[in-house]
Every structure is written in C-alpha cells, then in structure tokens.
Amino acid sequence: MSEQHNIDNVMHEHRRFEPTEGFRQRAHIPSLEAYQSVYRQATEDWEGFWRKQAETELAWMQPFTSVFERDDHGVRWFDGGTTNVSYNCLDAIIAAGQGQRTAIIWEGEPGEIVRLTYNELLQQVCKFANVLRGLGVQPGDVVSIYMPMTPELAIAMLACARIGAVHSVIFAGFSAEAVADRNNDASAKVQLTADGAWRRGKLLPLKQTVDQALAKSSTVQHCVVLRRTGQEVPMTAGRDLWWHDLMSQADDHCPAPALPSEHPLFILYTSGSTGKPKGILHTTAGYNLWAKLTFRWVFDWRPDDIYWCTADCGWVTGHSYIVYGPLSNGATILMYEGAPNHPAEDRIWDIVERHRVTILYTAPTAIRAMISWGDQHVEKHDLSSLRLLGTVGEGINPEAWMWYHTKVGGERCPIVDTWWQTETGGIMLSPLPGAIATKPGSCTMPLPGVVPAIIDEAGEEVTEANQGGRLCIAKPWPGMLRGIWGDPQRHFTQYWEAVPGMYLTGDNARRDEDGYYWIMGRIDDVINVSGHRLSTIEVESALVSHPRVAEAAAVGRPDALKGQAICVFVSVKGGEPDEELRQALKLHVRKEIGALAVPDDIRFTPSLPKTRSGKIMRRLLRDIAEGKKEVKQDTSTLEDMAVLAKLHENDES
Ligand code: WTA
C-alpha cells in the first residue's frame, strides 16, 4: 500500500487496564470470550440475531414481518410491526412491576431536588400528550423544544413519542436565528419553552429568545411556556400558553397508540464541526432497540445503579443516554440543570457524593476543564459509590484519561470511551466494561452487530495494523439514521456515496495489532506534513501530556516547503505562558512523537472556540492559522464568539 493513502500513526500508547475481578464477576458480558461469542452470533446470523433482540426487548402491538428491507426509498427495520417508544420506556416498566422505582432524580442549579417514579412520570407524560393533542398536534407533526434541563423536557420528549409527534430538541443556548432556521426547516407546529433557565447563577432569557425566533417561524401556531424561574415574560395572546394552566386541566389517561416501526421519532439538528446544520432523522423501533441494548451493554446497567449522564437533552447523547436508552431499561437517571462549576468547581463531585451516583458519563472537554480547576475539588469528596465511568463526544487524550481513571475512578472503575455520532443513534465502538481491557485513548472494539471497516483514499480496505484511513460501517444497524429531514440527496451524497455499500462516518481511525480502534479525528482535519498524514488528536494528545497544557488544538496551514505546517493553539494552566514554555512544548512534542510533528507555530490562547456541545472548531482555527482576517464560515454553533475575537486580536499583534 502506498504511503500517501494512509494516515501515519505516531501515538505510542501501550498502557492497558483489565477490568477488576469484582467488576467482571457481576458483569452482563463478563469476559472477552463472552463478547466474542455475542459478536459472532450477531454477524454470522445477522437477521436471526436482530429478530430475537427486537422480539425480546420491545413490546409489539403487532409483530413485525421482516427484519430488514432496503429499496430506493431507504431502509426499513422490523417492517409490518407496530410499537410505541413511550410505551417501551414507561408502561412496559410499570407492567413489569417497577412502577414505584425512581425514574428521574432531578437537581436544579439552585439546589432543589425532584424525584419522579415511573408511575408519576407516566402520569405526567400522559397529561402532556393530551395537552399536545388539544393543541391540534397530529402524528407526524413536528414539535420544537427549547427548554432547560428540567424533568419537563424529558416529559415533553416522551409525550411527543407517545402520540407519534416528531420532536426537534434545540439546545437552549442557541440563538434566536438558529431556533428559527431549525423551526423553518422542520415546519414545526408547536414550540415548547420556559420563562428562563438557570446558568451559573444567572437567568437565561429563553422566552425572549423564542419570541424573536417565532417572529420568523411562520409555521409555529402555539408556544407552551414552562414556569421555571418565575421571571416576568411577555405572553402573546392566542399563541402563548402556560404549561401549568394546560396541565391542570389535562386528563392523565392516554393509552399509547400503535405506531409503525418506521414512524419518525425525532429530528436532531447537527452541524458536527463543519457545515450547515442538518436535521438527522431517527425512527421508532430500530432506534429504540439500539438505544436500549447499547445502554445495557456499555454501562453494564443493573437495577440498583444511579446513572448520571451530564449531557444536555439538546444533543443526541441526551436523547439516547438520558431519556430513551436508560428509561426503556427501567433505570434510575440523574438529571442536573446547571453548570458544573456553580456555585463552585466541585459541583459535579458534590452531586456524585450526595446522590451516590454509580455510573458517570461525561465529555472529554468537561474532564479537561475539571483537571484545569485543580485536584482539590475532586479530593474533597467521597466518590466511592462510582463503579463505572464513561466519555463521549471527542477523543479523550490519554493523560486526561489517566486523570479520570486515578482521581475520579480511584483506579477501580473501568472507563468506557464510547465512539458514536448523532447519525448512528447510539454507541458503536466502546469497551464492554466487564469484557474488554481498556487502553487510554482507544474506544476499543465494535459492539455486537457493528462491522467497522477502514478504507484508504483509493477505496481499498486497510488490513494492516496501525494504518489509518476513513472509518466506515459495512453493515446496517437498527439505530442508523433514516435520512436528513427534507434533503434525501444530501443524505446519500454525504454518507453513502463515497464508499459503495458502506456508511461513511467522516472520521479517520486505525486498528492496532490487538484489533483495538483508535479514532484519529475528522477526515477534514488531517494535517499533511511533507507527505506524512498526521491526525490532529495525536499531536494534541502529545501536548496535553505536558503538565502546563490544559487544552490544545492542532491544525494545518499551507507551507511552501512541507505542504502543510502544524499550527497549534494551546491554553495553559499554572501561570502566564512565555517563550520558554513555547520552546519546552516543542521539545516535548519532539520527545513524545518525533521531529515530524513538532509544531511550526504555537499560539497561546485563554480558551479554544468550541461548538455548543464542546467540540473544538478546528475549521475556524484553520482560517486563523492561515491568516485570513475575516471568518466567513457559519459560526452559529460557536460557543463563545469572544474567544474567536481574542484569537484574532492575538493574530494582529
Ligand atoms: C466525535 C456525539 C473520538 C467524532 C455522540 C464523531 C469521538 C463526532 C468520540 C460525532 C470518541 C464522538 N472518540 N471521537 N469516543 N465520540 N466523537 O454527532 O468525530 O455530536 O464523528 O455525536 O464526535 O459527534 P455527535
């Protein structure tokens, strides 16, 4: 294989952590052999495997007649069958005698705590489902949700699912413009919001933002407003209604109707870190099955767990691993409304200790922030209830992984580094914590039913160990996206055209000699230095392993000699950066990776521009590295414009 088709692997990470014997003994899948056996079943008798899973995991009002069909209109999983996601998450758990179990433990940022059993949650969902029907919402209508992380957000999602309405949850930090764009793209009929939200002790004016958005969202007929903060908000007569007024009159009887397997469940807008937002569509039965199974496999869930995913329901992680996956297993979930550093930088650990959280699922960006806040915040809390840790959203740099492992996990908790996408509906590559030994920075192995392939630029499968290429998925899986809302052509060209017969993930990856997968970043982010293709994550991980580095982002900029030069943006801890540190970092990268990867430019910055979900926006940094003065790209998902302005300022100086 010729060199330019591959991506060079320069990361040398050889640490390996076996699950403890205690963890293994109680695990659902307790050994590598057990994992391999399920994996083999799922690939050898693919249809039989999915038939059995669907029959046993979901409640069918009418049994399905075929497992998988594909034609010009797309794919159909479990065709002929009818079910209901809200039934599977609530009624089925109650029917199994678990109605008194706590479904949601909610903590507001100011400190209030609300507990809802499955019985209580069902009652609220039924009432709100009737509220929506009363507003004229029909199966297939889109309901736009722009709400704080409150139990009512989950209730709204489940109520939509119950009556076959399609929810489009929009993260409550987005601008009015972003809300209007999404409402228009989806032709949303009803808007749900709140008077405000708490964030870092301040009030976010959600209703005002929605009012501006609705001035441009001509399809929205009604807006239901939850009273969360009690602040005064303008209500438009005829359009705006209070949640509590409607609920006080709603009937709590609402049997779940039978919905076809491929009935649309939700749209979720994602931009990833590149391009115009697209509405990823997921449907009923396949998505539900994938979320349910992957939750149980990956988090090795048991009924006595207190499971906390720190994501917001505005992201797919909140859909699959706060609401649908956990609840369809009958889990007890913790939901937290606010910021991780309010009132102090130990809020997360304080919550873990007080609620005796056993499983914690968070993002590398949050872990890096916690590292930079200092170990004292972690050390002052009793975290002995934790038994399993997880990460999602980005690659985790090995040093951040080690910190999570030692400081948070007390060296006793396995870490599941879960790779997946909005498009995949649920986790695809991840350790099964009782079965697969972990390596810091690797998402390890595919889940049963997931068949990954690494494809080089010539379209050939890379079979040699440690050769990076495009990560594809070679077989359909039940949680796969069903389309891009209103844009079938883009769905095809973006995901299915480049490598015939396979789903193109848009990420690069390599597989090591033990069959472990290592994600190397987005395809567009590869840096080509003198014909060597380097992945951003490897350069960044080398930098983050230096004790003064809090976060790093690497990008390429054109270079007459080398093709591309490496430009890194670094935020530091422990004092102001200086020339000496710059030289020390260059030496450090030389030692960790080699001369090839030594950055040409090191730019210090107080923080990095990120998408609202915490991913570093490398495309913006690329523009700055190239010296483009104006940023012309879509910045609607940029977390903090001030960060961008600051980078430009440094650029000028
Ligand atoms: C990245 C989030 C490395 C990846 C669930 C992917 C990761 C994109 C990981 C999807 C991981 C997510 N290791 N990279 N464990 N998890 N990513 O749609 O680039 O918000 O394609 O879904 O995040 O982001 P999305």
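Start at 1 and go down the list; that is how both ligands and their atoms are numbered. All heavy atoms count here, side chains included; hydrogens, waters and symmetry mates do not.
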Open item on the list: Polar contacts were defined as any N/O atom of the residue lying under 3.5 Å from an N/O atom of the ligand; does this apply to Thr505 and ligand 1?
Closed with: no
TODO: Could you say whether the N/O atoms of Thr391 and ligand 1 ever approach to under 3.5 Å?
DONE: no
- [ ] Nearest 0.5 Å please: distance from the CD1 atom of Ile454 over to the CD atom of Glu460.
- [x] 14.5 Å
Task: Per-atom contacts of ligand 1 with Thr422, taking only distances under 4.0 Å to non-hydrogen atoms - done: 18 (O), 20 (O), 22 (O), 25 (P)
Open item on the list: Nearest 0.5 Å, please: how far is OH in Tyr495 from CE in Met480?
Closed with: 12.0 Å
Open item on the list: With nothing but distance in play, are any N or O atoms of Lys615 less than 3.5 Å from an N or O of ligand 1?
Closed with: yes
Task: Atoms of ligand 1, numbered as shown, that sit under 4.0 Å from any heavy atom of Ile519 - done: 3 (C), 14 (N)
TODO: For ligand 1, indicate whether the residue Arg522 contacts it via side chain, backbone, both or neither (heavy-atom separation under 4.0 Å).
DONE: side chain
TODO: Check each heavy atom of Thr418 against ligand 1 and say whether those closer than 4.0 Å belong to the side chain, the backbone, both or neither.
DONE: backbone
Task: Distance in Å, Leu620 CG paired with Arg622 CZ, rounded so as to fall on 0.5 Å steps - done: 9.0 Å
- [ ] Please report the C-alpha distance between Tyr287 and Trp77 in whole Å, then the side-chain angles of each, then the deciding distance to 0.1 Å, and finally whether the ring pair (Phe, Tyr, Trp, His ring centres under 6.0 Å) criterion is met.
- [x] CA-CA 10 Å; Tyr287 170 81; Trp77 281 87; over 10 Å; no
Open item on the list: Going by the closest heavy atom to atom 13 (N) of ligand 1, which one wins out of Glu394, Met428, Met520?
Closed with: Glu394
Open item on the list: If the contact criterion is a heavy-atom separation under 4.0 Å, does Trp420 count as touching ligand 1?
Closed with: yes
Open item on the list: If I take atom CZ from residue Arg387 and atom OG1 from residue Thr358, how far apart are they, to the nearest 0.5 angstrom?
Closed with: 5.5 Å
Task: Within the 6.0 Å centroid threshold, strictly below: Trp301 and Tyr307 - done: no
Task: Close-contact set for ligand 1 against Val392 heavy atoms, below 4.0 Å - done: 5 (C)
Task: Residues Glu538 and Arg510 bridged, charged N to O under 4.0 Å - done: yes
Task: Thr317 N/O under 3.5 Å from ligand 1 N/O - done: no
Open item on the list: If the contact criterion is a heavy-atom separation under 4.0 Å, does Gly393 count as touching ligand 1?
Closed with: yes
TODO: Hey, could you give me the CG/OG distance between Asp417 and Ser430, rounded to the nearest 0.5 Å?
DONE: 7.5 Å
